[in-house]
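A quick write-up on the structure given underneath.
Residue indices begin at 1 and follow the sequence shown. Keep in mind the model is a prediction, meaning the values are calculated, not measured.
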Amino acid sequence: MASIKDVAAEAGVSVATVSRVLNDHPSVSDDARTRVQAAVRTLGYRPNAVARSLRTDQTRTLGLVISDVMNPYFTELARSVEEAARALGYSVIIGNADERPELQDHHVRTLLDRRIDGLLVSPTDGGSPLMLEAARAGTPMVFVDRWIPGVDVPVVRADGRAAIRDLVAHLCGLGHRRVAIIAGPAATTTGSERVQAFREALAEYGVPLPDAYIGQGDFQAESGRRVTEGFLDLPEPPEAVFAADNLMALGALDAMRARGLRVPSDIALAAFDDIPWFVHTDPPVTAIAQPTGELGRAAVHALIDRIEGRPPQSVTLPARLVVRRSCGANPDGSHQDNREDNRGKKQTPVQRSTS
């Protein structure tokens with residue numbers, strides 16, 4: 001493998017001149033720059049990234065700690081982050097927290113020890129002293145999807161409140177009055193926020209959300225299955241279940257099928273976080289879609305701004321409801337249901353276009 005001394009000899013210049021060319025220093029003549037660049041191509045020279053980082057105090061590397069690599073939402077988020085970073089000349093090291101705070105902190109500590117230039121994190125909970133310490137130490141950092149209240153770090157996320165209101169309108173328009181939610185961990189901002197938004201939206205339609213219809217999940221499929229089994233064992237099981245993420249929705253669907261229930265004729269199902277699989281299930285699942293690719297790109301740009309000394313901005317993008325057939329909508333988007341509400345009055349069918 002060629003060394004910087006080999007490049008200098010090939011170009012007929014000093015090692016210092018080669019170094020200045022490689023670091024794009026302006027005090028190099030055009031002739032010397034041309035000869036060095038030609039020598040680099042001829043010899044196939046590759047600069048030592050570690051040595052360069054020691055000189056420049058930059059590694060051109062970003063860290064990304066995601067909550068669960070098995071969750072298709074976070075997989076797509078990681079992909080968009082990596083693509084955006086690569087386009088800006090950065091590499092990305094990814095750590096999977098597996099929804100475990102101690103594993104999250106392990107990855108954060110390891111990435112900081114490796115002298116990354118900046119850190120993107122989707123926190124697994126709101127109580128990490130390490131995250132607070134890193135923020136106070138001035139580590140360039142951006143929270144993506146989730147955040148830790150009280151920590152002064154830019155946040156890039158989607159706002160699902162309007163989409164949740166649209167979902168509730170869709171469910172109530174179909175005549176559903178007993179509606180349950182499989183919530184994410186209360187320690188996460190997305191877990192608590194989605195329950196609150198759902199409760200408030202139901203209240204606008206005069207539909208209560210009793211404690212028995214709030215099941216505590218952990219954003220993973222097994223919890224969706226377990227919580228749904230509990231709902232189905234109630235004296236009055238819910239008519240519709242909203243899972244606060246896609247994996248819990250798949251677990252819920254498994255539980256419904258295990259009981260021999262048909263979706264949506266026996267029970268309705270909707271999910272937060274749309275995934276490609278949902279169009280292939282039978283029936284296709286109604287879901288709230290987040291602009292995942294845009295979130296990943298926005299997070300990278302916010303972090304690069306922070307690294308390069310520009311004031312970073314938090315970014316909030318809207319989520320949207322994608323209506324399919326799992327709640328009772330016909331393929332053309334029309335609502336047809338003969339279920340009577342608690343007052344014995346049939347609900348008026350509502351028309352809604354689908355995506």
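A distance-only check finds a donor-acceptor pair linking the side chain of Thr75 to the backbone of Val69 [under 3.5 Å]. When atom types are taken as modelled, the side chain of Arg297 and the backbone of Ser80 share no donor-acceptor pair closer than 3.5 angstrom. Remark: the backbone N or O of Arg225 is not paired with any side-chain donor or acceptor of Thr228 at under 3.5 angstrom. Listed for the Thr286 side chain is a donor-acceptor partner under 3.5 Å among the backbone atoms of Arg324. With Ser122 contributing its side chain and Asp145 its backbone, the two residues share no donor-acceptor pair below 3.5 Å. Judged by distance alone, with hydrogens and angles left aside, the side-chain atoms of Gln216 form a donor-acceptor pair with the main-chain N or O of Gly184 at under 3.5 Å.
Nearest heavy atom pair, residue Glu82 against residue Val92, reads CA-CG2, 4.0 Å. Arg146 approaches Pro123 most closely through the heavy-atom pair CD-O, 3.0 Å. Residues Pro291 and Ala158 approach most closely at CD-CB, 4.0 Å, considering heavy atoms. Nearest heavy atoms, Pro264 versus Cys327: CB-C, 3.7 Å. Here the closest heavy-atom approach between residue Leu88 and residue Arg60 is recorded as O-NH2, 3.0 Å. In terms of heavy atoms, Leu120 sits closest to Ala299 at CD2-O, 3.6 Å.
Test Val241, Leu209, Leu202 against Ile181 for side chain to side chain contact (heavy atoms under 4.5 Å, CB included) and you get one pass: Leu209. With Leu62 as the fixed residue, the side chain to side chain contact (heavy atoms under 4.5 Å, CB included) test singles out one of Ile93, Ile307, Ile116: Ile307. Among Ile94, Val300, Leu303, the single residue meeting the side chain to side chain contact (heavy atoms under 4.5 Å, CB included) criterion with Leu64 is Ile94.
Using a 4.5 Å cut-off on side-chain heavy atoms (C-beta onward), Gln220 and Met70 make no contact. Looking at heavy atoms from C-beta onward, Arg199 lies in side-chain contact with Ile214 at the 4.5 angstrom threshold. Between Leu130 and Arg109, the closest side-chain pair of non-hydrogen atoms falls below 4.5 Å. Contact annotation: the side chain of Cys172 approaches that of Val207 to within less than 4.5 Å [non-hydrogen atoms, C-beta and beyond]. Residues Ile304 and Pro312 are not in side-chain contact: their nearest non-hydrogen atoms beyond the backbone lie 4.5 Å or more apart.
Interatomic distance, CD of Glu76 versus CD1 of Ile275, reported as 12.0 Å (0.5 Å rounding). With rounding to the nearest 0.5 Å, the separation of CZ in Arg306 from CG in Leu119 is 11.5 Å. Distance check: Leu171 CG to Arg177 CZ gives 11.5 Å after rounding to the nearest 0.5 Å.
Counting only residues at least two apart or on different chains, no ring pair (Phe, Tyr, Trp, His ring centres under 6.0 Å) pair has a member in residues 269-303. Legend: ring pair (Phe, Tyr, Trp, His ring centres under 6.0 Å) pairs involving residues 72-96, not counting sequence neighbours: none detected.
When the shell of 6.0 Å around CZ of Arg79 is examined, it contains 12 or fewer heavy atoms from other residues, nucleotides or ligands. The environment of CG in Asp30 is sparse: at most 12 heavy-atom neighbours from other residues, nucleotides or ligands sit within 6.0 Å. Open room surrounds CZ on Arg114; 12 or fewer heavy atoms of other groups in view lie less than 6.0 Å from it. Heavy-atom contacts from other residues, nucleotides or ligands closer than 6.0 Å to CG of Asp113 number more than 12.
Side-chain contact, Gln104 with Thr124: a donor N or O sits under 3.5 Å from an acceptor N or O. No side-chain donor from either of Thr316 and Asp159 sits under 3.5 Å from a side-chain acceptor of the other. When only modelled atom types and interatomic distance are considered, Ser3 and Asp6 share a side-chain donor-acceptor pair under 3.5 Å.
The residues Arg161 and Glu204 are annotated as not salt-bridged, no charged nitrogen and carboxylate oxygen being separated by less than 4.0 angstrom. Ion pairing of Arg100 with Asp218 is absent here, as no side-chain N (NZ or NE/NH1/NH2) approaches a carboxylate O to less than 4.0 Å.
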